[in-house]
Asker: 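There's a structure below that I have some questions on.
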Number of protein chains: 2
Amino acid sequence: MRIGELAAATGVEVETIRYYEREKLLAPPGRQSNGYRSYGKQHLERLAFIRHCRALDIPLADVRRLLGFLEAPGNDCGDIDQLIEAQLAKVRARLQSMQALERQLAELRRRCDARHVTAECGILHELVAAAHGEACACHGEPQKRGEK
Amino acid sequence: MRIGELAAATGVEVETIRYYEREKLLAPPGRQSNGYRSYGKQHLERLAFIRHCRALDIPLADVRRLLGFLEAPGNDCGDIDQLIEAQLAKVRARLQSMQALERQLAELRRRCDARHVTAECGILHELVAAAHGEACACHGEPQKRGEK
DNA sequence: TAAAAGCTTGTAGCTGCTTCAGGGTCAAGG
DNA sequence: CCTTGACCCTGAAGCAGCTACAAGCTTTTA
């Protein structure tokens, strides 16, 4: 299987596959006599696994760890459990702040009722006022995203 | 006001302030005789405005546009309206996929009931199975994030 | 007086890709 | 036989939005 075929089979772009190889997430494939990469079934499965993890928004570093667990059975399962738990917590935290964000934006939009000049735009006024420190859900919370 | 004071006043890191200046989001401040940056009230307000927009996850390019609107009153308010509308749509889309993600992870976690070796880890099994194409909410949807 | 804190500039690093430049390989059509 | 086009190769740079150096100033504090 050449790289383009693997790409078509998994829906992953060719460049991304090469990137994963560089990052040592995907084992280096065999090579044909002309230098083209040659993949087997195990590559396809591994790539699908990686993409599934990525769909769960698991960072590549953690995917690497999971792949390590796959490689070495007999390890403590608690580590995996913890990894997923942490990921869930991260997602939930982001979900929360995104919901707050949605409310904010919806409220902001409500302010604009077809006035015509920006000088009178409720949205802009609101943004300025909020920046001035009036009651506002965004300000005050220490960090919203990239919450470490 | 020196840069450190502005940073303390707004909760924005010093490096970030200098970055905004480089990116022309913040007007170049005056300088003291020793070369230190010297900020006034208008800088503080502008910075607060930027941070407020960022808290709403509005990209810097759009913040730049909003700042332009602030500068030039008399423009059509519809543009602002549209910008916020688009932002709201973006946030809602991400919210949706994040909710799906949360369900997935919660389900995944449920699989792990204190077994001890990774070889028998329900989570890992599940991830592998899902990657194989069994029924799975993550796969099948074209794109989850960076949905263009 | 000396260390610590704060400022300056410029540059590189982070994540997870994506894109580009500059080539080689191969099958089909004229 | 030659060209066109699709595919492949490597290596490097670019994206957002910061963050973190390095190397050298000034100012404040002990």
Side-chain angles (χ1 to χ4, degrees), chain A residues 1-26 28-39 43 47 50-67 87 90-91 94 97 142-148, chain B residues 1-26 28-39 43 47 50-67 87 90 94 97 101 142-148:
Chain A
M1 210 196 259
R2 285 181 309 173
I3 197 168
E5 297 171 304
L6 180 60
T10 54
V12 179
E13 286 201 45
V14 167
E15 276 89 4
T16 307
I17 297 175
R18 285 197 282 248
Y19 168 73
Y20 286 161
E21 185 184 333
R22 273 203 305 284
E23 295 295 305
K24 306 202 187 301
L25 286 156
L26 216 45
R31 296 285 180 149
Q32 292 173 346
S33 54
N34 53 13
Y36 287 12
R37 287 172 178 80
S38 174
Y39 294 96
H43 286 106
L47 181 54
I50 295 170
R51 290 314 290 198
H52 187 74
C53 291
R54 292 294 301 130
L56 293 173
D57 215 9
I58 296 172
L60 287 184
D62 286 349
V63 176
R64 224 184 307 262
R65 288 185 58 206
L66 286 174
L67 286 168
Q87 182 62 20
K90 211 169 69 185
V91 165
R94 265 195 293 179
S97 69
Q143 270 154 310
K144 304 225 70 93
R145 39 199 319 255
E147 66 282 329
K148 282 194 183 166
Chain B
M1 211 196 255
R2 285 182 310 173
I3 198 168
E5 296 170 304
L6 180 60
T10 53
V12 179
E13 285 202 46
V14 167
E15 274 90 1
T16 306
I17 296 174
R18 284 197 282 246
Y19 169 73
Y20 286 160
E21 185 184 333
R22 272 203 306 284
E23 295 296 306
K24 306 202 187 301
L25 286 156
L26 217 45
R31 297 285 180 150
Q32 293 173 344
S33 53
N34 54 11
Y36 286 13
R37 287 173 179 80
S38 174
Y39 294 96
H43 286 106
L47 181 54
I50 295 170
R51 290 312 290 195
H52 188 75
C53 291
R54 291 295 302 131
L56 293 173
D57 216 9
I58 295 171
L60 287 185
D62 287 349
V63 175
R64 225 184 308 260
R65 287 186 57 207
L66 286 174
L67 286 168
Q87 181 63 19
K90 210 169 71 185
R94 263 195 294 177
S97 71
L101 210 160
Q143 269 155 311
K144 305 227 67 100
R145 39 201 316 257
E147 66 280 330
K148 283 189 185 171

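Order of the sequence lines fixes the chain letters, A, B, ..., with proteins taken first and strands second; residue numbering starts at 1 for each chain. What you see below is based on every heavy atom in this structure, not just the backbone, and it leaves out hydrogens, waters and symmetry mates.
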Asker: Measure the distance from CZ on A:Arg54 to C1' on C:dC17 and round it to the nearest whole Å.
Answerer: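 These atoms are roughly 9 Å apart.
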
Asker: Just how far, in rounded Å, is P of D:dC18 from CD of B:Glu23?
Answerer: 10 Å

Asker: Let me spell it out: for each of B:Tyr20 and A:Ile3, pick the nucleotide of DNA chain D with the closest heavy atom. Which residue's pick is nearer the 5' end?
Answerer: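 Nearest-nucleotide comparison on DNA chain D picks A:Ile3.
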
Asker: Please tell me which of B:Gly4 and A:Leu60 maps to the more 5' nucleotide of DNA chain C, matching each residue to the nucleotide holding its nearest heavy atom.
Answerer: B:Gly4

Asker: Going 5' to 3' along nucleotides 23-30 of chain D, which nucleotides have protein heavy atoms under 4.0 Å from the base (write B), which only from the sugar-phosphate (write S), and which from neither (write -)?
Answerer: ---BS---

Asker: Between B:Lys90 and B:Asp57, does any NZ, NE, NH1 or NH2 come within less than 4.0 Å of an OD or OE carboxylate oxygen?
Answerer: no

Asker: Under 4.5 Å between any side-chain heavy atoms of A:Arg54 and A:Leu60, yes or no?
Answerer: yes

Asker: Go through the structure and list residues passing ring-ring contact (aromatic ring centres under 6.0 Å, His included) with B:Tyr39, not counting sequence neighbours.
Answerer: B:His43

Asker: Whole Å only: how far is the CD atom of B:Glu21 from the C1' atom of C:dT9?
Answerer: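 Distance, rounded to whole Å: 12 Å.
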
Asker: Going by the rule side chain to side chain donor-acceptor pair (under 3.5 Å), which residues pair with B:Tyr20 if we only count those two or more places apart in sequence or in a different chain?
Answerer: B:Arg51

Asker: Can you tell me how far apart OG1 (B:Thr16) and CD1 (B:Ile50) are? Round to the nearest 0.5 Å.
Answerer: 11.0 Å

Asker: Of all residues at least two apart in sequence or in a different chain, which pass the side chain to side chain donor-acceptor pair (under 3.5 Å) check with B:Glu21?
Answerer: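 Result, side chain to side chain donor-acceptor pair (under 3.5 Å) vs B:Glu21: B:Arg37.
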
Asker: Just verifying a value: how many Å separate A:Leu47 CG and A:Leu6 CG, rounded to the nearest 0.5 Å?
Answerer: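 Between A:Leu47 CG and A:Leu6 CG, I get 5.0 Å after rounding to 0.5 Å.
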
Asker: With distance as the sole test, does B:Arg64 use its side chain to make a donor-acceptor pair with the main-chain N or O of B:Lys24 at under 3.5 Å?
Answerer: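 Answer holds: no.
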
Asker: Can you measure A:Leu25 atom CG to C:dT15 atom P for me and round it to whole angstrom units?
Answerer: 12 Å

Asker: D:dC9, C:dG16, C:dC7: which one has an atom nearest the side-chain heavy atoms of A:Arg37?
Answerer: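 The answer is D:dC9.
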
Asker: Mind calculating the distance between CG (A:Leu26) and P (C:dC17) to the nearest angstrom?
Answerer: 13 Å

Asker: Taking 4.0 Å as the cut-off, does a side-chain nitrogen or oxygen of B:Thr16 come that near to OP1 or OP2 on D:dG17?
Answerer: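 Answer is no, no contact under 4.0 Å.
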
Asker: Between C:dT8, D:dG17, C:dG16, spot the one nearest the side chain of B:Arg31, thanks.
Answerer: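 The nucleotide sitting nearest to the side chain is C:dT8.
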
Asker: Find the distance B:Asp62:CG to D:dG17:C1' and express it as a whole number of Å.
Answerer: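 Going from CG in B:Asp62 over to C1' in D:dG17 covers 14 Å.
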
Asker: For A:Arg2, enumerate each residue passing the side chain to side chain contact (heavy atoms under 4.5 Å, CB included) test, keeping only those at least two apart in sequence or located in another chain.
Answerer: A:Glu5, A:Gln32, A:Tyr36

Asker: Separation of A:Ile50 atom CD1 from C:dT15 atom C1', in whole Å?
Answerer: 16 Å

Asker: Polar atoms only, N or O, under 3.5 Å: list the protein pairs with nucleotides 10-13 of chain C and their distances.
Answerer:
none

Asker: Let me know the distance between CD of A:Gln32 and P of C:dA27, rounded to the nearest Å.
Answerer: 10 Å

Asker: With a 4.0 Å limit, can you tell me whether B:Arg51 has a side-chain N or O closer than that to the phosphate oxygens OP1/OP2 of D:dG17?
Answerer: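 Checking D:dG17 against B:Arg51, no side-chain N or O comes under 4.0 Å of OP1 or OP2.
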
Asker: Could you tell me whether the side chain of A:Val91 reaches within less than 4.5 Å of the side chain of A:Leu56, counting heavy atoms only?
Answerer: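 They are not in side-chain contact.
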
Asker: Between D:dC18, C:dG16, C:dT8, which nucleotide gets closest to the side-chain atoms of A:Tyr19?
Answerer: C:dG16

